[in-house]
Amino acid sequence: MSQQLSSRVGMGVFCFSKEARMSERYEDTQIYRIRHSAAHIMAQAVLEFYPETKYTIGPPVENGFYYDFDLPQPITQEDLEKIEKRMRQIIAGGHVFQRKALSADEARQIFKDQPYKLELIDGLEKGGLDEYGNPLKEKPEISIYQHDTFTDLCRGPHVENTRQINPSAVKLMSIAGAYWRGDEKNKMLTRIYGTAWQKPDELKQYLQMLEEAKKRDHRKLGKDLDIFLFDDEVGPGLPLWMPNGGILIEELEKLAKEMEEKAGYSRVRTPNITKEDLFLRSGHLPYYAESMYPPMELEGVKYYIKPMNCPMHHKIFGARPRSYRDLPIRLAEYGTCYRYEKSGELFGLMRVRSMQMNDAHIYCAEEQFESEFMGVIDLYKKYFDLFGIDRYVMRLSLHAKAGLGKKYVDNERLWVKIEDMVRRAMQNGNVPFVEVENEAAFYGPKIDVQIWSAIGREFTLATNQVDFAVPERFDLKFTNKDGADEIPLCIHRAPLSTHERMIGFLIEHYAGAFPVWLAPEQARVIPITDGQNEYAAQVAAQLRAAGVRVSADLGGERMNAKIRSAQLMKVPYMLVVGANEADAGVVSLRMRDGSQQNNIPLAEFVTMVKEKIATRSSTL
RNA sequence: GCCGACGUAGCUCAAUCGGUAGAGCACCCGCCUUGUAAGCGGGCGGUCACGAGUUCGAGUCUCGUCGUCGGCUCCA
């Protein structure tokens, strides 16, 4: 059921289908060889233009490849064109890729002027480290690949001949910075990204898909649809929600409150700032300080803006004695939190500095854990069904031994035990998941739901976390059947993520065409001439009275222009009314998808819309 | 935070080699009275992100600040 998945393996929007992944590993495909070989050819071209370049690694990635260089000078977009041109020439040269196995010392001789390669050779030889510095299970054979004038330390595989690459299906995409071995303490290298396909048509399709993805980007749609904005004077990562965004938020909260009430949650409210003492007690300050806004000091006391709600919920749990009979206790709050994300990490609504979390904490005894934890997973599934979200991966995020005492609380025995509890719960519930090390919270393992933004960037949407450490720090306890004190487990969960990330995701998921219940404007009445303005206003008033979010477009434009503008705002229902409709008391319905139904009695339409809204229907 | 690119009206974009800003849409005002994605005309709107500097002269060149974008790092 579970499988190991390297966190480096992207599973983004343009990824191979699930079936393809299962039947053939990417590494074994011809396209992988093509991309890997294209990376070498690019490196050759770069070295020809900039001979002092020190080259590092250049693997295939999803949709293409990159190579990281330590260049003697910065390069520009125009340089990419000349590099690309030279690559085509090299490809046309019909050079053979030759593999050669050799000893570490022989390799050192070949790469004596290449410090990064020497470091890699050391890693391969001594520690059995791969190119990212991760430990390898077995000591690998050191090999080089050679083609034309270029030699690289490489385990392959490659195409046999450069002619197996179609020069019209290769394109250099962008220049980026990347730390050597992905460590921000190391030197920043220059990374060049390229894309490569078997056929020119595939390249064309891929580029078209990128264009399409841009149109779906929530940052663009959020502006076009008047959902949110960022203002320089307010600050980066601090979204302002316009009325349309406000509606989305209200609807999501309504949904969450309904579902949580059914699932036995109680709602609480807690302040936005607290004394330093609380976060010292919770252990967040040592682990989390750099993601927190700096404290404000008043009368000698430091206050922090909360980056999470848990410590305050813990206080509520601990406010009075608890019996095993009271458990589980489920405290829910749409809490507003602030996190100081580094400036370069901000990304539209998906990564912000102020956020409203669909937060709750479930305090339970160990024997209740599985049913509580899976209850949360059920909640996820209900939400995902409702939204029709099917492109996600559930990830069991585990600790890493090396991080104990630093990134993670230092109790390996408990880590292993609790991780196993989560693993078994998921397996018993028949929920597919992958396991990834070194992704846990500092207080315990979690199930994260990974999704991808329109442009293919990966995010954690929802999360379901076990906390076996912090309740103890807060002296949380309950009296068990035997009259003894017991420390509860705490489940932190956010199935609807934060409003910011959820709405960012939903904008892209629906490409702005929200289902009726979520749509900021559900219906727009469009008179054919201004002779029907009065009737249009009446229709709108009746719909409004029935709880429909509606407007009447009574401006001076022609009907066609009004329809166009309603279409652009992705309003689900357009009610076109002319003299005939006004006389008969009916409406002509044009739906967002272009379909039409004429002469619907207004009462009938009202009933239909109310039904769509009440059931949160996904269809128009 | 780091590397690189970019920043002109509310939005999308123009402005040769430096010679003191222009279009479409939106908005406002008219005319047209219209049947399922843009009717026509007119008007309003910009200390060219901000601050220094070079120059007779800067939207165009240099430096700094802020912000955005593509990545890296980090993450709900």
Side-chain angles (χ1 to χ4, degrees), chain A residues 66 68 71 74-77 173-193 214 217 219-220 223-224 226 229-237 288 290-291 307-308 337 339-353 355-359 397 439 441 446 448-451 455 457-463 465 492-502 504-505 526-533 555-568 574-581 588-592 594-598:
Chain A
Y66 68 79
D68 285 347
L71 286 162
I75 59 168
T76 63
Q77 202 64 35
M173 302 294 285
S174 59
I175 304 164
Y179 299 107
W180 166 235
R181 290 200 145 155
D183 188 334
E184 63 182 326
K185 290 190 220 51
N186 288 344
K187 181 162 187 184
M188 172 120 337
L189 307 167
T190 303
R191 174 172 297 181
I192 302 177
Y193 278 98
K214 269 191 211 159
D217 192 317
R219 293 168 296 183
K220 173 173 169 47
K223 195 186 278 180
D224 292 348
D226 290 331
L229 65 96
F230 290 97
D231 182 277
D232 286 0
E233 262 178 301
V234 174
Y288 210 79
E290 69 170 36
S291 295
M308 64 270 302
C337 297
R339 296 181 183 176
Y340 194 81
E341 306 291 351
K342 292 188 217 161
S343 56
E345 291 164 350
L346 300 172
F347 179 76
L349 283 182
M350 303 297 264
R351 192 78 183 275
V352 291
R353 286 179 176 161
M355 69 206 80
Q356 302 160 73
M357 297 178 71
N358 173 226
D359 210 0
S397 302
E439 292 286 349
K446 51 185 182 157
D448 292 317
V449 179
Q450 301 304 107
I451 53 99
I455 62 163
R457 205 179 286 190
E458 181 177 352
F459 289 94
T460 299
L461 188 68
T463 186
Q465 317 179 341
H492 306 237
R493 41 111 282 176
L496 286 180
S497 193
T498 60
H499 281 321
E500 288 71 18
R501 190 168 285 183
M502 192 71 199
F505 174 77
I526 298 173
I528 290 176
T529 75
D530 55 13
Q532 292 84 48
N533 276 3
E557 289 299 321
R558 272 178 156 64
M559 175 204 63
N560 278 313
K562 291 180 182 180
I563 287 174
R564 181 179 142 84
S565 112
Q567 284 286 155
L568 290 175
M574 283 153 270
L575 304 175
V576 179
V577 295
N580 299 338
E581 285 79 2
S588 284
L589 172 62
R590 177 197 164 99
M591 304 213 250
R592 181 169 62 194
S595 64
Q596 242 177 277
Q597 277 172 268
N598 292 340

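Order of the sequence lines fixes the chain letters, A, B, ..., with proteins taken first and strands second; residue numbering starts at 1 for each chain. Quick note: numbers below take in every heavy atom, side chains included, and nothing from hydrogens, waters or symmetry partners.
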Looking only at side-chain atoms of Ile563(A), point me to the closest of U34(B), U36(B), G1(B). U36(B)
Would you indicate what Ala441(A) reaches in the nucleic acid, counting non-hydrogen atoms under 4.0 angstrom: base, sugar-phosphate, or nothing? nothing
d(CZ, Arg457(A); C1', C72(B)) in whole Å: 10 Å
Sort me out a list of protein N/O and nucleotides 40-48 of chain B N/O pairs below 3.5 Å, or just none if empty.
none

Do the side chain of Glu581(A) and the base of G35(B) come within less than 3.5 angstrom through a donor-acceptor pair of N or O atoms? yes
Does Asn580(A) reach a base, just sugar-phosphate, or nothing at all? Heavy atoms under 4.0 Å. base
Between P of U65(B) and CG of Asp232(A), the distance in whole Å: 16 Å
Side chain of Ser497(A) (C-beta onward), nearest among A76(B), G70(B), A38(B): A76(B)
Does C74(B) have OP1 or OP2 sitting under 4.0 Å from an N or O in the side chain of Arg353(A)? no
For nucleotides A58(B) and A52(B), find the distance between their P atoms and express it as a whole number of Å. 13 Å
Nucleotide nearest Ser174(A) when distance is taken to its side chain, options U36(B), G70(B), G35(B): G70(B)
Among U73(B), U36(B), U33(B), the nucleotide that comes nearest once only the side chain of Tyr179(A) is considered: U73(B)
So which nucleotide from A37(B), A76(B), U68(B) ends up closest to the side chain of Arg501(A)? A76(B)
Mind checking if Met357(A) touches a base, just sugar-phosphate, or nothing, with heavy atoms under 4.0 Å? nothing
Position toward the 5' end of RNA chain B (nearest nucleotide), Glu500(A) or Asp217(A): Asp217(A)
Under a 4.0 Å N-O cut-off, is there an ion pair linking Asp183(A) with Arg181(A)? no
Looking at A38(B), G1(B), G71(B), which one has an atom nearest to any side-chain atom of Tyr193(A)? G71(B)
Taking the same atom, C1', in G59(B) and in U8(B), what whole-Å distance lies between them? 7 Å
How many whole angstroms separate atom CE of Met350(A) from atom P of G70(B)? 12 Å
Would you classify Thr498(A) as touching base, sugar-phosphate or nothing, given that sugar-phosphate means primed atoms plus P, OP1 and OP2, and contacts are heavy atoms under 4.0 Å? base
Any base atoms under 4.0 Å from Ile526(A), or only sugar-phosphate, or nothing? Heavy atoms, all strands. nothing
Have a look at Lys214(A) and say if it touches a base, only the backbone sugar-phosphate, or nothing, with a 4.0 Å heavy-atom cut-off. nothing
Does Lys223(A) have a side-chain nitrogen or oxygen under 4.0 Å from the phosphate oxygens OP1 or OP2 of U12(B)? yes
Pair Glu184(A) + Lys342(A): basic N to acidic O under 4.0 Å: yes
Pick the C1' atom in A14(B) and in U60(B), then give their distance to the nearest Å. 14 Å
Give me the distance, rounded to whole Å, that separates G43(B) from A26(B) when you measure between the C1' atoms they each carry. 14 Å
Does the salt bridge (Lys or Arg N to Asp or Glu O under 4.0 Å) test come out yes or no for Lys446(A) and Asp448(A), once each step is laid out? CA-CA 6 Å; Lys446(A) 51 185 182 157; Asp448(A) 292 317; 3.4 Å; yes
Less than 3.5 Å between a donor and an acceptor, one on the side chain of Arg590(A) and one on the base of A37(B), is that the case here? yes
Which part of the nucleic acid, if any, lies within contact of Arg219(A), taking any heavy atom under 4.0 Å across all strands shown: a base, the sugar-phosphate backbone alone, or nothing? sugar-phosphate
In whole Å, I'd like the distance from the CH2 atom of Trp180(A) to the P atom of U73(B). 13 Å
Got Phe230(A) and Leu346(A) here, is their nearest side-chain heavy-atom distance under 4.5 Å? no
Closest approach to the side chain of Arg558(A), judged atom by atom: which nucleotide of U68(B), U36(B), U34(B) is it? U34(B)
I'd like the C1' distance from U73(B) over to C61(B), given in whole Å. 34 Å
Do we see a donor-acceptor contact under 3.5 Å between the side chains of Gln450(A) and Thr460(A)? yes
What nucleic acid atoms does Ala494(A) come within less than 4.0 Å of, heavy atoms only: base, sugar-phosphate, or nothing? nothing
Using atom P in both nucleotides, what's the gap between U12(B) and U20(B) to the nearest angstrom? 27 Å
Can you find a donor-acceptor pair, distance only, under 3.5 Å between Arg191(A) side chain and G71(B) base? no
5′-ward residue of the pair Gly556(A)/Thr463(A) relative to RNA chain B: Gly556(A)
Separation between CZ of Arg590(A) and CG of Leu575(A), rounded to the nearest 0.5 Å: 12.0 Å
Describe the nucleic acid contact of Ala178(A) in one word from base, sugar-phosphate, nothing, applying a heavy-atom distance below 4.0 Å. sugar-phosphate
Roughly how many Å apart are A23(B) and C17(B), using the C1' atom of each and rounding to a whole number? 24 Å
For Leu346(A) and C72(B), give me the distance from atom CG to atom P, rounded to whole Å. 15 Å
Pick out which of Gln356(A), Arg353(A), Arg351(A) makes a side chain to side chain donor-acceptor pair (under 3.5 Å) with Glu500(A). Gln356(A)
State which of G71(B), U73(B), G35(B) makes the closest approach to the side chain of Ile455(A). G71(B)
Nearest-Å distance for atom pair CD/P, residues Glu345(A) and A76(B): 11 Å
Does a nitrogen or oxygen in the side chain of Lys446(A) sit under 4.0 Å from OP1 or OP2 of A76(B)? yes
Distance criterion of 3.5 Å, no angle test: do you see the side chain of Arg339(A) paired donor-to-acceptor with the base of C75(B)? no
Separation of the P atoms in G46(B) and C11(B), to the nearest angstrom: 14 Å
Check: G39(B) base within 3.5 Å donor-acceptor of Asn560(A) side chain: no
Using a 4.0 Å heavy-atom cut-off across all strands, classify Gly531(A) as base, sugar-phosphate, or nothing. nothing
Among G1(B), C32(B), U36(B), which nucleotide sits nearest the side chain of Ser588(A)? U36(B)
Encoded 5' to 3' (Watson-Crick or G-U under 3.5 Å; [ ] crossing; | other strand), RNA chain B becomes (((((((..((((.....[..)))).(((((.......))))).....(((((..]....))))))))))))....
Expressed as a whole number of angstroms, how long is the span from Asp530(A):CG to U34(B):C1'? 9 Å
How many whole angstroms separate atom CZ of Phe347(A) from atom P of G71(B)? 8 Å
Looking at Phe459(A), is Arg501(A) sitting on its ring face, NZ or CZ under 6.0 Å from the six-membered ring centre and within 45 degrees of the normal? no
